[in-house]
Amino acid sequence: MDQPEILTPPPAQVVRVRGFVKQYKQHIAVSGIDLEIHKGEIYGLIGPDGAGKSSLMKAIAGVLTYESGTVEVFETMIDTERAAERVKQRLGFLPQGLGLNLYPDLSVDENIDFFARLRLVPEHELAERKARLLAMTRLDKFRARAMKNLSGGMKQKLGLICTLIHEPELAILDEPTTGVDPVSRRDFWAILAELLQERGMTVLVSTAYMDEAERFHRLSFLSSGKVLASGTPAEVHALVPGSMVTFEATPQLEAISRLKTGCTQVEALGPVLRVFTEDTNPVSAAQAITSYLGDIEPQQLHVDKLDLEDVFVALLLREADQPPPSPELPTASVSSVNHGLAIEAKELIRDFGTFRAVDRVSFQVKPGEIFGLLGANGAGKTTVIKMLNGILPPTGGEGWVAGEDMKTAGGAIKERIGYMSQAFSLYLDLTVEENIRLFAGIYGLDRRATNERFAWIVSMAGLQGYESSLTVRLPMGVRQRLALGCALVHQPRVLFLDEPTSGVDPIGRRHFWDILSRLAREEGVAILITTHYMSEAEHGDHLALMYAGRIVAEGSPAAMKAQVEREAGQLLEVVTDQPGLALRQLERAGFAGIALFGAQLHLLSRDPAQDEVRIRESLASEGLHVLGAAIRPLSLEDVFVHRVMALERRDRETTKGAAA
Amino acid sequence: MKPADRLVVWCRRLTVMTRKELVQLLRDIPLMAFLIYSFTLSVYVTGNGIQTQLRNAGLLVYDADRSLSSRELVSRFHLPYFRFDGELIHADEGFRRLDRGRSMMVLDIPARFHEALVSGEPTAVQLLVDTTNAPQGLSAAGYAARIVGQFGQESVLARNGLAASSSTTVPMIVSDHRVWYNQDQNETWFESISHLLRMITIFAVLLPAAALVREKERGTVEQLLVSPLTPVQIMLPKVVAMTLMILGATAVALFGVMQPVFGVPIRGSLFLLFSLTALFIVATAGIGVFASTVTKNQAQVGMMTLLVVAPILLLSGIFTPMETMPAWVQYLMALSPLRYFIEIATGILLKGVGFDMLWSQALSMGVVGASLFGFGLWRFRRQFQ
Amino acid sequence: MNLRRVAAVASKEWREVTRDRMFLLLAFVMPAIWMFVFGYGLVLDVEHISFVVVDRDHSPLSRDYLYRFYQSRYFDFQEALAGEGDADVWLQSGRARAVIIVPEKFQERLLSGQPAEVQTLIDGTFPLRADITKSYVIAINNAFNQELLVDFLARTRGLSRGEAQRRTSPLGIEVRYLYNEEVRSTWSTVPALIMFSLMVGSPLLTALGVVREKETGSIYNIYSATVTRLEFLVGKLIPYVMISAVNVAVLWLMAVLLFAVPFKGSLWLFIASSILFVLTSTGIGLVVSLLVSTQQAALIITVVVSTVPTILFSGLIVPVSSLSRASQFQAHLFPGMYYTNITRGTFLQNVGLAVLWTDILALAIYAVVLGTIGYHLFTKRPRT
């Protein structure tokens with residue numbers, strides 16, 4: 001855990017990779033990577049989908065061949081199956097895909113037993129370890145439940161237990177947190193940190209969530225099969241000097257086009273603009289922005305340090321030969337006649353057997369509005385969407401979509417909506433063009449209209465050059481844009497997007513959101529979207545937070561933050577040298593609702609000044625140092641974590657109460 | 001929308017979806033390779049190889065007489081029906097040799113066989129037949145009886161001074177058999193046709209079933225369900241695409257193997273043949289569609305279709321004649337489209353008959369097919385509601 | 001080979017199978033249903049051949065002659081036609097398989113000691129049926145001729161009927177049927193149906209086993225663990241071999257109790273070779289599943305590979321000896337043929353290892369070859 005210890009004496013090498021190259025037929029996935037992992041550290045591989053993370057991890061785990069270079073694990077050269085077998089007992093490998101390597105029909109217990117027996121864990125040790133791990137992950141109540149009936153977060157924890165049940169010295173975890181909600185993700189990292197501390201394990205982990213990079217001791221940032229940057233988070237930070245300026249400006253579209261003349265990164269989050277400048281001095285950075293804006297006056301301007309995600313985006317942009325396709329949205333001939341509400345849900349209910357997945361959910365979405373539906377895995381978001389677009393009949397309640405009643409006009413609704421499902425649902429064995437033309441035909445477009453829309457989609461989604469590529473060969477970000485294009489082929493008035501950006505790299509996500517904003521602002525399309533990226537949720541005009549099938553909070557992002565501040569106080573951010581230990585110490589000391597954000601501790605406080613003193617005292621008693629403490633503006637992630645954790649606490653107390 | 005526009009949109013949806021299915025099929029290289037194998041090489045090997053008539057029945061002879069007559073009789077057991085496996089030294093050797101299973105029968109000719117024939121004393125030869133394969137054993141015994149009977153009759157005539165050659169003076173029925181449609185009783189014709197039908201059946205059931213389950217498993221069906229496509233518009237294109245694909249394969253088998261290599265005649269209308277083949281494929285696909293709606297994964301759909309397909313393949317009259325089946329099987333098989341299609345296919349190809357002769361078969365197949373397909377469709381719609 | 005790891009794989013596989021209720025049900029029910037349907041349905045005695053007659057003579061003798069066809073259980077009389085012209089229609093439409101045409105002066109010629117030619121038109125589309133029809137007609141004609149000859153000799157030579165009969169006594173043939181003394185076709189089909197049900201059903205049990213794990217990604221658990229290839233393949237196979245073994249027992253009981261087929265041979269030999277056979281048939285599915293990359297392809301290829309050769313080339317109906325050389329070769333490539341020999345041999349013939357050792361050896365070689373192929377196809381460190 002402790003960095004100085006790792007640096008002196010010379011650290012033991014667990015993994016050493018030199019000049020690693022992996023090729024799939026003609027396609028080069030990884031071209032020449034060097035990597036060293038020291039004993040006892042968490043090493044992170046970060047990068048967009050298709051960067052080569054998985055190939056590298058599989059090769060290290062000995063389950064994939066490679067073309068050239070050397071891979072050494074525990075000082076054994078992994079070059080044949082036989083050589084790989086020699087180190088496999090000391091490895092644990094969790095492949096990508098949430099719960100996909102588990103056996104859906106087997107119970108939690110049976111899944112763990114299988115992994116343990118496959119690794120020849122003695123039965124008495126198995127019972128003891130299993131009990132400990134299940135308790136730690138709070139899965140002990142669900143031992144007999146079939147894996148397929150677990151929520152996403154629980155599946156992920158079960159996957160971790162199964163990977164670690166034989167106590168490997170090196171755990172290789174491929175995107176363990178993709179598709180998991182922020183609270184479960186947090187839980188996952190906490191458990192991993194605890195295990196690491198207890199067992200002195202080494203971990204190689206990959207993630208597509210840039211904000212998780214702060215949790216790694218060292219990391220490599222991969223893109224297109226090459227390492228763009230590596231080192232400790234601080235070292236990587238130092239690669240890109242600069243700062244982030246946030247402000248509000250109207251008219252926003254004009255402001256953006258002015259800023260783009262000189263700034264590489266401009267992002268609109270609802271009314272707020274975030275602009276990157278290479279200037280590290282707050283005053284001159286603000287001045288630079290103001291000069292670009294000209295006669296537009298920025299409101300509520302403040303300058304922040306870059307977070308790691310901004311650094312990665314800057315690195316990616318630096319790497320790219322040309323700036324990303326600026327989506328010149330060709331205007332389509334739509335009459336955005338206002339039908340009143342685009343979506344209205346009234347007391348929607350859906351039961352699966354005795355389980356109520358959606359419980360009296362009501363909300364409204366206006367044309368041109370982006371409506372974000374947030375919530376943990378299994379909160380009922382997808383079920384709501386499926387009911388509204390007619391895949392699932394509701395058990396009770398009513399709904400109107402695009403001006404038509406859900407019950408009586410299913411056909412008419414389907415003509416007017418677009419849908420992107422959680423799992424990629426286009427045909428992988430068709431080309432980009434074939435997919436677009438297929439959906440054009442399905443929606444009954446004639447030849448002329450099809451050609452027109454095809455051209456529009458290609459330019460809107462930046463698919464130039466990909467037209468005749470098979471969809472299966474596209475990077476994830478491009479696939480998602482294609483899926484969006486197909487959902488828009490018939491110019492729908494309402495768009496349903498269920499986790500459209502899961503696993504997409506930050507540039508792809510920003511590009512994607514640019515398109516969505518324009519659709520909403522310029523064409524008046526109503527968008528209902530779910531996401532696990534809370535930074536994305538800031539784009540929403542209106543948000544609703546679901547928990548256990550019900551909407552527990554709603555409002556604009558600002559209103560939701562304000563509400564939490566009113567209820568629970570201001571956000572106090574504490575920076576310490578050992579965040580994991582500090583977190584547990586503070587929990588023991590009675591600070592409720594404290595959470596780890598990157599390397600910082602976040603806590604809501606009604607009296608920040610006094611709490612800061614108490615925290616310093618409490619940590620000092622354990623020999624932990626506070627490096628800094630400050631009041632920060634709330635992010636949506638804070639809101640989400642606060643709300644969901646509070647509800648979970650309440651649930652636990654009521655079940656305990658019921659049990660007692 | 002006007003009804004005319006509605007129709008245009010309907011057709012457009014059908015066209016794009018059908019094209020999609022075809023493209024997907026063509027891109028599955030192993031599957032295509034296997035389809036081609038099934039309709040070419042496999043048809044060739046089977047057409048060439050299967051002989052349902054008696055062939056090469058191994059014959060052992062114990063000749064206690066060793067006379068002119070006994071040799072004459074033995075010489076009448078010849079290829080292609082009988083294969084001479086040698087003479088036995090001892091009569092009791094026969095059982096042991098039959099146990100080994102290489103030979104099928106023992107002909108035991110008694111001593112004084114020749115004398116008895118000449119003098120008109122009653123005499124008999126003995127035949128031991130292995131009937132572990134009952135029909136084969138019976139068939140061999142039947143052939144042997146015919147040979148022995150003929151031989152006996154000739155000696156009776158000779159003995160009574162009625163030379164067999166001067167049959168003009170003997171009152172007997174001369175059998176004049178005319179085998180129509182296939183004078184030489186060329187088995188490759190029927191066997192290649194029946195194998196083609198077998199392959200059409202297997203692919204017609206499995207392709208749409210597997211494709212529908214695959215859309216369910218991969219989640220792509222969701223994207224289709226939120227579109228304005230009706231369940232019929234989702235399912236029908238699959239059936240249309242598979243039908244086109246199988247019709248193409250049928251044409252390859254017919255014009256690439258059966259006609260040029262085996263000389264299978266095409267005496268009737270090709271148009272009629274292909275139209276009714278299309279009807280048959282659609283009818284059979286109904287079974288696959290139904291199976292896909294009651295199953296959740298590929299393993300289940302495989303078992304379910306095989307459960308039904310195996311009886312269809314064995315009991316529809318392409319493997320053994322319909323005349324062999326007990327009445328209840330014949331009633332049960334009234335539900336099998338293949339039962340009608342075998343008559344249609346051989347009718348058009350070998351008999352050269354037209355629709356006027358086949359309408360009742362075609363109608364029955366149509367009714368059964370429409371019911372199967374309708375039932376499959378009904379289940380398919382129901383599962384999404 | 002570490003048995004604990006084999007057990008871990010096998011018990012996981014077993015649990016997954018038992019949780020899939022429909023699959024489990026079908027796995028057990030399918031062979032039994034087939035046995036039942038084919039055992040009763042796949043009877044091979046050709047009966048009720050539909051025919052029409054054209055009687056141009058309309059004499060007592062012609063009626064006497066045709067009556068023999070009407071009486072026969074092998075023939076099904078449809079209609080007496082006025083002339084030959086209508087005959088085509090009957091054959092073409094498939095409503096009749098044969099037309100018997102009795103010529104004019106049939107009685108006159110025969111009574112005056114002259115031969116008469118009876119024409120039989122036979123539908124040759126299905127050669128097997130045509131062949132059988134022909135032999136039935138010949139049999140009836142021969143019997144009729146025999147009587148004609150006795151009559152003729154008695155009239156022309158002034159012999160007593162007894163004397164005439166003695167002098168025309170035909171050469172007798174005593175046929176003794178071995179192994180299946182009553183020549184019941186069920187006795188020969190039912191043992192072969194045990195082969196059929198296992199050979200067609202078992203590969204499908206395992207066909208999706210490895211592809212499915214490849215598609216979901218759970219195969220990485222195996223790749224990354226220390227379980228060896230052999231341990232994995234054996235563990236994977238055990239549950240399905242067990243299911244198939246239970247099916248062998250059920251099918252054996254059905255054969256003996258329901259169809260009353262005598263079991264004359266050694267039960268131990270039967271059990272041992274059945275287990276060997278079940279290993280090969282499930283092994284075929286496993287090998288297909290290692291070869292392909294999609295479940296759809298695995299499914300279709302397994303169905304075709306297991307069904308077609310089993311129906312055609314395993315001796316179920318068509319004896320391997322009457323196949324062409326190329327097909328005989330193909331027949332020897334599939335395990336079905338060997339096991340058919342073993343089931344028929346142990347059920348009906350009471351032959352032992354001395355005779356069946358070649359078939360058992362062939363199955364053993366087959367199992368070893370499949371195992372070797374599987375072992376080499378399965379790699380824990382693949383290219384993609």
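Just so it is clear: chains get the letters A, B, ... in the order the sequence lines come, proteins before strands, and each one is counted from 1. Source: prediction; values computed, not measured.
Both the backbone and the side chain of W180(B) come within less than 4.5 Å of a heavy atom of chain C. At a 4.5 Å heavy-atom cutoff, the contact between Q126(B) and chain C is made by backbone and side-chain atoms alike. Interface remark: I33(C) contributes side-chain atoms only to the contact with chain B (heavy atom separation under 4.5 Å). Heavy atoms closer than 4.5 Å to chain B are found in the side chain of N141(C), but not in its backbone. L207(B) touches chain C through backbone and side chain together, each having a heavy atom under 4.5 Å away. In this structure, chain C has no heavy atom under 4.5 Å from any part of I193(B). Heavy-atom distances place both the backbone and the side chain of F95(B) under 4.5 Å from chain C. Heavy atoms of L208(C) lying under 4.5 Å from chain B belong exclusively to its side chain. Looking at R212(C), the atoms closer than 4.5 Å to chain B (heavy atoms on both sides) all sit in the side chain, from C-beta outward. At a 4.5 Å heavy-atom cutoff, the contact between Q330(C) and chain B is made by side-chain atoms alone. In this structure, chain B has heavy atoms under 4.5 Å from both the backbone and the side chain of Y177(C). When heavy atoms are compared at a cutoff of 4.5 Å, T133(C) does not approach chain B at all. Of the two parts of Q150(B), neither the backbone nor the side chain holds a non-hydrogen atom closer than 4.5 Å to a non-hydrogen atom of chain C. With a 4.5 Å cut-off on non-hydrogen atoms, D356(B) does not touch chain C at all. Heavy atoms of F144(C) lying under 4.5 Å from chain B belong exclusively to its side chain. With a threshold of 4.5 angstrom between heavy atoms, T123(B) approaches chain C through its backbone and through its side chain. When heavy atoms are compared at a cutoff of 4.5 Å, M304(B) approaches chain C by way of both its backbone and its side chain. There is no contact between D76(C) and chain B, counting heavy-atom distances below 4.5 Å. Residue A310(B) touches chain C through both its backbone and its side chain, counting heavy-atom pairs closer than 4.5 Å. Looking at A27(C), both its backbone and its side chain come within 4.5 Å of chain B, counting heavy atoms on both sides. Using a 4.5 Å cut-off between heavy atoms, R97(C) contacts chain B through its side chain alone, with no backbone atom that close. Neither the backbone nor the side chain of V292(C) comes within contact range of chain B; no heavy atom of the residue lies under 4.5 Å from a heavy atom of that chain. Using a 4.5 Å cut-off between heavy atoms, A211(B) touches chain C through backbone and side chain atoms alike. Heavy atoms of V308(C) lying under 4.5 Å from chain B belong exclusively to its side chain.
Under the 4.0 Å criterion applied to side-chain N and carboxylate O atoms, K351(B) and D123(C) are assigned as salt-bridge partners.
Note on V125(B), L128(B), V329(B): by heavy-atom pairs under 4.5 Å with chain C, the leading option is V125(B). Looking only at heavy-atom pairs under 4.5 Å with chain B, the residue among L323(C), I100(C), V118(C) that has the most is V118(C). Contact count versus chain B (heavy atoms, under 4.5 Å) is highest, among V37(C), I311(C), L148(C), for I311(C). Contact count against chain B (heavy-atom pairs under 4.5 Å) is highest for L121(C) among V304(C), V355(C), L121(C), L42(C). Contact count versus chain C (heavy atoms, under 4.5 Å) is highest, among M357(B), M322(B), Q361(B), for M357(B). Between chain B and the residues N142(C), V303(C), L91(C), the largest count of heavy-atom pairs under 4.5 Å involves L91(C). When each of H48(C), Q328(C), Q349(C) is scored by its heavy-atom pairs under 4.5 Å with chain B, the top score falls to Q349(C). Annotation: maximal heavy-atom pairing with chain C below 4.5 Å, among L138(B), I202(B), L358(B), occurs at L138(B). Each of D28(B), D108(B), V129(B) has some count of heavy-atom pairs under 4.5 Å with chain C, and the biggest count is that of V129(B). Counting heavy-atom pairs under 4.5 Å between each of L348(C), V29(C), V175(C) and chain B puts V175(C) at the top. Options R146(B), M104(B), M105(B), Q153(B) differ in how many heavy-atom pairs under 4.5 Å they form with chain C, and the most are formed by R146(B). Chain C forms more heavy-atom pairs under 4.5 Å with one residue of F113(B), W328(B), Y143(B), F151(B) than with any other, namely W328(B).
Smallest separation of non-hydrogen atoms from A298(C) and V211(C): CB-CG2, 3.8 Å. Minimum interatomic distance between P127(C) and E187(B) (heavy atoms only, all atoms of both residues): CB-CG, 3.8 Å. The two residues S42(B) and H195(B) have their closest heavy-atom pair at OG-NE2, 2.7 Å. Between G113(C) and F152(C) the shortest heavy-atom distance is CA-CE1, 3.6 Å.
With W34(C) contributing its side chain and L307(B) its backbone, the two residues share a donor-acceptor pair below 3.5 Å. A distance-only check finds no donor-acceptor pair linking the side chain of Q92(C) to the backbone of G347(B) [under 3.5 Å]. Checking side-chain atoms of N145(C) against main-chain N and O of I173(B) turns up a donor-acceptor pair under 3.5 Å. Side chain of T46(B) to main chain of V43(B): no donor-acceptor pair is present (N/O by atom type, distance under 3.5 Å, no hydrogens or angles). Side chain of Q330(B) to main chain of M325(B): a donor-acceptor pair is present (N/O by atom type, distance under 3.5 Å, no hydrogens or angles). For the pair Q298(B) (side chain) and V213(B) (backbone), a donor-acceptor distance under 3.5 Å is absent. For the pair R267(B) (side chain) and L350(B) (backbone), a donor-acceptor distance under 3.5 Å is present. At least one donor-acceptor pair under 3.5 Å links the side chain of R155(C) to the backbone N or O of L111(C).
Ring pair F36(C)/Y40(C) is perpendicular by interplanar angle, where above 60° counts as perpendicular and below 30° as parallel.
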Would you please test T310(C) and L316(C) for side-chain contact (heavy atoms from CB on, under 4.5 Å) and show each step?
-> CA-CA 7 Å; T310(C) 308; L316(C) 172 63; 5.9 Å; no

Apply side-chain contact (heavy atoms from CB on, under 4.5 Å) to Y74(C) and V137(C), showing your working.
-> CA-CA 10 Å; Y74(C) 298 111; V137(C) 173; over 6 Å; no

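Screening residues 298-308 of chain C for side-chain hydrogen bond (donor to acceptor under 3.5 Å, both in side chains) gives no qualifying pairs among residues at least two apart or on separate chains.
For the pair L306(B)/L26(C), no side-chain contact is recorded, criterion being any heavy-atom separation below 4.5 Å from C-beta on. At least one side-chain heavy atom of L314(B) sits less than 4.5 Å from a side-chain heavy atom of F196(C).
Within a 6.0 Å radius of CZ in R83(B), other residues, nucleotides and ligands contribute more than 12 heavy atoms.
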